[in-house]
Amino acid sequence: MSFVDESVLEKAINKMLSEGASYAEARYHEIRETGILLINGAVMGVEQSVRSGIALRAIVSGGLGFASTTSTSTEAVEKAALRAVAAAKTSAAGVKNPVRMSPARLGRAKYSVAEKEPLEDIAIGDKIASLLEEYKALVPERNGFRVPNITMIYSDSVEYKVLVTSDGAYVESRVPRVAAMYNLAAVYGAKRANRFGELGASGGYERLKEFRLSEKIQDDINSLYISLVEAKSPPRGKLDVVLSPEIVGLMVHESAGHPSEADRVLGREAAQAGMSFRATYKEETIGSPAVTVVDDPTIPGSFGFYLYDDEGVAARERVLYDKGKLAELLHNRETAAIYGTESNGAARAMDYLSEPIVRMANTYMKPGDYSFDELIEDIKHGIYIKKYMEWNIDDIRWGQRYVGLEAYVIENGELGEPVTNVALEVTTKELYSSIDAVGKDLVFYAGICGKGEPPQGVPVWMGGPHVRLRGVTIR
Amino acid sequence: MSIDLHAVAESIANKVKNRVDEYIVKLGVENKLMIKYARGEPSVTQSWQTLRLSLYLAKAGRISVSSFSAEKPDEILRKVLDSLELLKPSPFYAPLPEPSGENTEYVDKTIKTIVEEGDATRQVEEIGFSEPGDVAGKIEFWHLKEVLLGSNGADLRHEATSFNGYIRVFEGESSGQWSWTSTSYNPLIARKAIERAEELARQCAKLPKRRIEPGKYRVLLSPMVAGNLVEHIAMAASAGSMIFGTSFFQGRKPGEKVLSEKLTLLDKPRDNTLPGFRGFDDEGVATTNKAIIRKGVLETILHNTKTAKLMKAKTTGNAGWIMPAPFNLEVEPGDATLDELISELRNGIYITNNWYTRFQNHVEGVFSTVSRDAVIVYENSEPKYCTERIRIADTMPRLFSSIELIEKEHWPIQWWEVNIPTRISHILFAEANISLPQ
């Protein structure tokens, strides 16, 4: 497969090298997207987009420059190459620590994700019909409770890339993805609440059926019902808590994945997405031996799937927290060079307008061997938090807060009455150190992770099993 | 990028006009140069020259919106036109309005030259971004040229420039961050932001560090923090947020008192000193300066013609083809100096920067946001110590009903957490709920 005249990329590389670049990189990047917006079962509109262009990077005298162009003509691309070099020289004028690229296992490869039902073969009318069927299956009202706003968004995309670097990488890839998002705004008397959900995977149109979208939305409608109609205020204070995979996935993304991004540790994102506690943390241990967190771009069907990163480095599983100890950082070639190591393939760029920076792909906690019943059986008085409605975390990824939408009291080893507005506000060390048991299940959730300047959103999975926390503060 | 935008837009209009009832072609060239800093040195310089085509099509009540960066959009156009035939009529549909917009232009030649040549070496030196030492942030120069052609007769042009950025200054374990935005190049505006960030970092570096207890506090919010929060207020006043069920003004009507009478929040698309300046919206309707909130009263729900039809209102010239949005925001200044605000703060917390504002309940406005950089705790109006990474965990209506004083100085703010160019002051609040990990 070939989506662009590759000689244009070679010409750009040669132009940058001839203008003094010690490293040059050219990436053709095309994303074709379709989106359908449904509000309360009515098709509001359809959005289609094609973002395509060429992204170039050059290192000149230790300064890093990036340029992009929407035009793929030789003339435009060579002009962009000159801009990349000029940008690199602007950087070089103030650089104290020259940028270098680490050694890496650079790929010369082509790969694509198979689609059982190719996205481009499905007419938009069929996609709309499927979405309407999913909507019709919902039951949004009962006992005075109703969901007057149900917004559903279907989107699919096909991402094509061709990457060439001056030191030998050549990678062509094609990754189709399907995603569905929804927002539910519920009312019961004077009480209101809302819930946002997102599903995503790589693959063809068959993925939409695998989402079981209406079941997921109905389950969230039921959670809103429980929260607004049945739930009481939670007990507060130091309690044993069981977290669901949904919350564990978010937690490992926010407080294991992000702080393990080497560019954050080094301060490259200091004024934007922030830094990392790992820059100053002196201890080896961050959690209990039950905790192992990894990031793996190579999981088939995952939303964050890739086999080679956007610097041409082969992807592999990275162990971030290993049995409670801090382990690998996520690296691109720039950060790996500073650490004197090899890149582990974490460079990702959102599109042709974006430089590749250190990103997660699919971050999850490794399962243990507890069943859910075993996790709760010896809790005398605690809480099970099943779904969240709000979270945030500070800019060094230390202090974090998760607020439960649907939660249950645990009394003498059994689930009791529902509670809501359960706020868990802890530090990263408290959180991971309090985990004494990890479930044997594993569930992934999709998201778009934001970072960079200009901000880049890339698809990721985050997941994990149920886990048990001992003696954490609930508010 | 040299291109006759009007001619290209016309050729696209000619390709679609016989197959649809209505169309709008929006075509723009955006040139941008950004120097990004980390650890006191440039980490990367980025240069963009981007052609963007956006297309609104309607036929028999069916709506399609599309955007392309492709040079040769014919194949994609065909696909979009074919797709339009397969859609269902949208309850969102409303006929395009009469085009009342005006051409607008505010171009700073220095900025235009910088983005065309990709060289800002002299300006970077003039700004002295890295002079405070350990700094991170960005300097951005931006030039946009755009045409909008529509089947409603719209034939409009807009050209504008922007100079914006932000800086985080580190002083030991302390830091301060500030931003600036403008339509023209003025190194002094950047210098002022740099000095403010440096001042905050140094002030905290000199003060002891101490944790605070969770609870209710008087808070002084910097323009960075207040700017982030009023953006959420402005978006809650978008009819789109109300239709999507994500507005804490849901069910409220213009004329109802919703927030403190001390708050007047304006949308100012006709202010050519802020980069969101423009004379027409995406439907070709004239933009106007307007109050979203005037003295605490909800005055304007932001509309395009589609949301206006659904909510039985009139467009306010804030299209977005789908989502109405403000262009530039301004909070009317008060009459107090920053010193007077600090004096009135008495025992309270000065929060200078924040991020990660998240709603646990959009419709009730229940949110929390995390502080970053300098958080200075005052006792008897004297700075006593700095604390860090606390949360405001409150509701928007409650917090913004407790405004006591607004500073008279205005700061033009735009950064990662304040997307819409915003001119705003320090704001003193009587009470905010503060939480943090035990």
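The sequence lines fix the lettering, A, B, ..., with proteins before strands; numbering per chain opens at 1.
- With hydrogens and angles disregarded, a donor-acceptor distance shorter than 3.5 Å links the side chain of A:Ser91 to the backbone of B:Thr45.
- Residue B:Ile322 touches chain A through its side chain alone, counting heavy-atom pairs closer than 4.5 Å.
- Of the two parts of A:Ile396, the backbone and the side chain both hold a non-hydrogen atom closer than 4.5 Å to a non-hydrogen atom of chain B.
- Contacts between A:Leu38 and chain B at a heavy-atom distance below 4.5 Å are absent for every atom of the residue.
- When the shell of 6.0 Å around CZ of A:Arg475 is examined, it contains more than 12 heavy atoms from other residues, nucleotides or ligands.
- Summarising the geometry, atom CD1 belonging to B:Ile76 is positioned 6.5 Å from atom OG belonging to A:Ser52; distances are rounded to the nearest 0.5 Å.
- Annotation: B:Lys309, atom NZ; neighbour count of heavy atoms from other residues, nucleotides and ligands within 6.0 Å is above 12.
- No part of A:Trp398 comes within reach of chain B, as not one of its non-hydrogen atoms sits under 4.5 angstrom from that chain.
- When side chains are defined from C-beta on, A:Thr280 does not count as touching B:Glu173, because their heavy atoms never get closer than 4.5 Å.
- The contact between B:Tyr166 and chain A is made entirely by side chain atoms (from C-beta outward), counting heavy-atom distances below 4.5 Å.
- Only the side chain of B:Lys32 comes within contact range of chain A, judged by heavy atoms closer than 4.5 Å.
- The residue among A:Leu64, A:Asn392, A:Thr90, A:Thr427 with the most heavy atom pairs within less than 4.5 Å of chain B is A:Asn392.
- Ranked by heavy-atom pairs under 4.5 Å with chain A, the list B:Ser368, B:Gly118, B:Ser435, B:Ala393 is led by B:Ser368.
- Note that CD of A:Glu453 and NZ of B:Lys138 are 4.0 Å apart. Values are rounded to the nearest 0.5 Å.
- With a threshold of 4.5 angstrom between heavy atoms, A:Ala84 does not approach chain B through any atom at all.
- With a 4.5 Å cut-off on non-hydrogen atoms, A:Thr151 touches chain B through its side chain but not through its backbone.
- Considering every non-hydrogen atom in both B:Trp416 and A:Gly452, the closest pair reads NE1-O, 2.8 Å.
- Listed by chain and number, the residues in a salt bridge (Lys or Arg N to Asp or Glu O under 4.0 Å) with A:Asp394 amount to none (sequence neighbours excluded).
- Interface residue B:Trp415: only side-chain heavy atoms are found under 4.5 Å from chain A.
- The distance from the CG atom of B:Asp119 to the NZ atom of A:Lys89 is 10.0 Å, given to the nearest 0.5 Å.
- Only the side chain of B:Arg52 comes within contact range of chain A, with heavy atoms under 4.5 Å apart.
- Atom CZ of A:Phe66 and atom NZ of B:Lys36 lie 11.5 Å apart (nearest 0.5 Å).
- Looking at B:Phe244 and A:Ile153, their side chains never come closer than 4.5 Å, going by heavy atoms from C-beta outward.
- In this structure, B:Phe367 and A:Glu390 have side chains that are not in contact, with every pair of non-hydrogen atoms separated by 4.5 Å or more.
- For A:Tyr388, no part lies under 4.5 angstrom from a heavy atom of chain B.
- The residue among B:Asn353, B:Asn354, B:Val363 with the most heavy atom pairs within less than 4.5 Å of chain A is B:Val363.
- Remark: the backbone N or O of A:Gly399 is paired with a side-chain donor or acceptor of B:Arg391 at under 3.5 angstrom.
- In terms of heavy-atom pairs under 4.5 angstrom with chain A, the leader among B:Ser90, B:Ala120, B:Ser175 is B:Ser90.
- No donor-acceptor pair closer than 3.5 Å links the side chain of B:Gln49 to the backbone N or O of A:Thr69.
- Chosen from A:Gln48, A:Glu430, A:Lys79, the residue pairing most often with chain B at heavy-atom distances under 4.5 Å is A:Gln48.
- Residue pairs meeting the salt bridge (charged side-chain N to carboxylate O under 4.0 Å, His left out) criterion with at least one partner in residues 242-252 of chain B, sequence neighbours excluded, are B:Arg252-B:Glu256.
- The interface of residues 128-137 of chain B with chain A, defined by heavy-atom distances below 4.5 Å, comprises B:Ala136, B:Gly137.
- Ranked by heavy-atom pairs under 4.5 Å with chain A, the first of B:Val124, B:Ile167, B:Thr121, B:Ile243 is B:Ile243.
- Residue with the most contacts toward chain B among A:Leu56, A:Thr34, A:Ile39: A:Ile39 (heavy-atom pairs, distance under 4.5 Å).
- Atom CG in A:Asn194 sits 7.5 Å away from atom OG1 in B:Thr246 (nearest 0.5 Å).
- The residue among B:Glu125, B:Gln250, B:Glu117 with the most heavy atom pairs within less than 4.5 Å of chain A is B:Gln250.
- Here the straight-line distance linking atom CD1 of A:Ile393 with atom OH of B:Tyr356 works out to 7.0 Å at 0.5 Å rounding.
- Taking both residues in full, the closest heavy atoms of B:Glu364 and A:Ala190 are given as OE2-O, 3.8 Å, listed atom of the first, atom of the second, then distance.
- Heavy atoms only, all atoms of each residue included: A:Met44 and B:Phe92 are closest at SD-CB, 3.2 Å.
- Of the listed residues A:Glu47, A:Met389, A:Lys96, A:Gln272, the one with more heavy-atom pairs under 4.5 angstrom with chain B than any other is A:Gln272.
- Of the listed residues (A:Arg57, A:Arg195, A:Glu254, A:Lys191), the greatest number of heavy-atom pairs within a distance under 4.5 Å of chain B belongs to A:Glu254.
- Side-chain contact annotation: B:Arg39 with A:Asn97, donor-acceptor N/O pair under 3.5 Å absent.
- Contact of A:Ile124 with chain B is made through backbone and side chain together, with heavy-atom distances under 4.5 Å.
- The residue among B:Lys79, B:Arg358, B:Glu140 with the most heavy atom pairs within less than 4.5 Å of chain A is B:Arg358.
- With a 4.5 angstrom heavy-atom cutoff, A:Val403 touches chain B only via side-chain atoms.
- Scanning all heavy atoms of the two residues, the minimum distance from A:Pro454 to B:Met34 falls at CD-CE, 3.7 Å.
- For B:Trp355, the part lying under 4.5 angstrom from a heavy atom of chain A is the side chain only.
- Counting heavy-atom pairs closer than 4.5 Å to chain B, the top-ranked of the candidates A:Gly45, A:Ala193, A:Ala185 is A:Ala193.
- Annotation: residues 263-270 of chain A contacts chain B through A:Leu266, A:Gly267, A:Arg268, A:Glu269, A:Ala270 [non-hydrogen atoms, separation under 4.5 Å].
- The side-chain heavy atoms of A:Asp395 and B:Arg389, taken from C-beta on, include a pair separated by under 4.5 Å.
- Using a 4.5 Å heavy-atom cutoff, the side chains of B:Gln360 and A:Arg401 are in contact.
- Counting heavy atoms from C-beta outward, A:Val46 and B:Ile63 have side chains that stay 4.5 Å or more apart.
- With a 4.5 angstrom heavy-atom cutoff, B:Pro214 touches chain A only via side-chain atoms.
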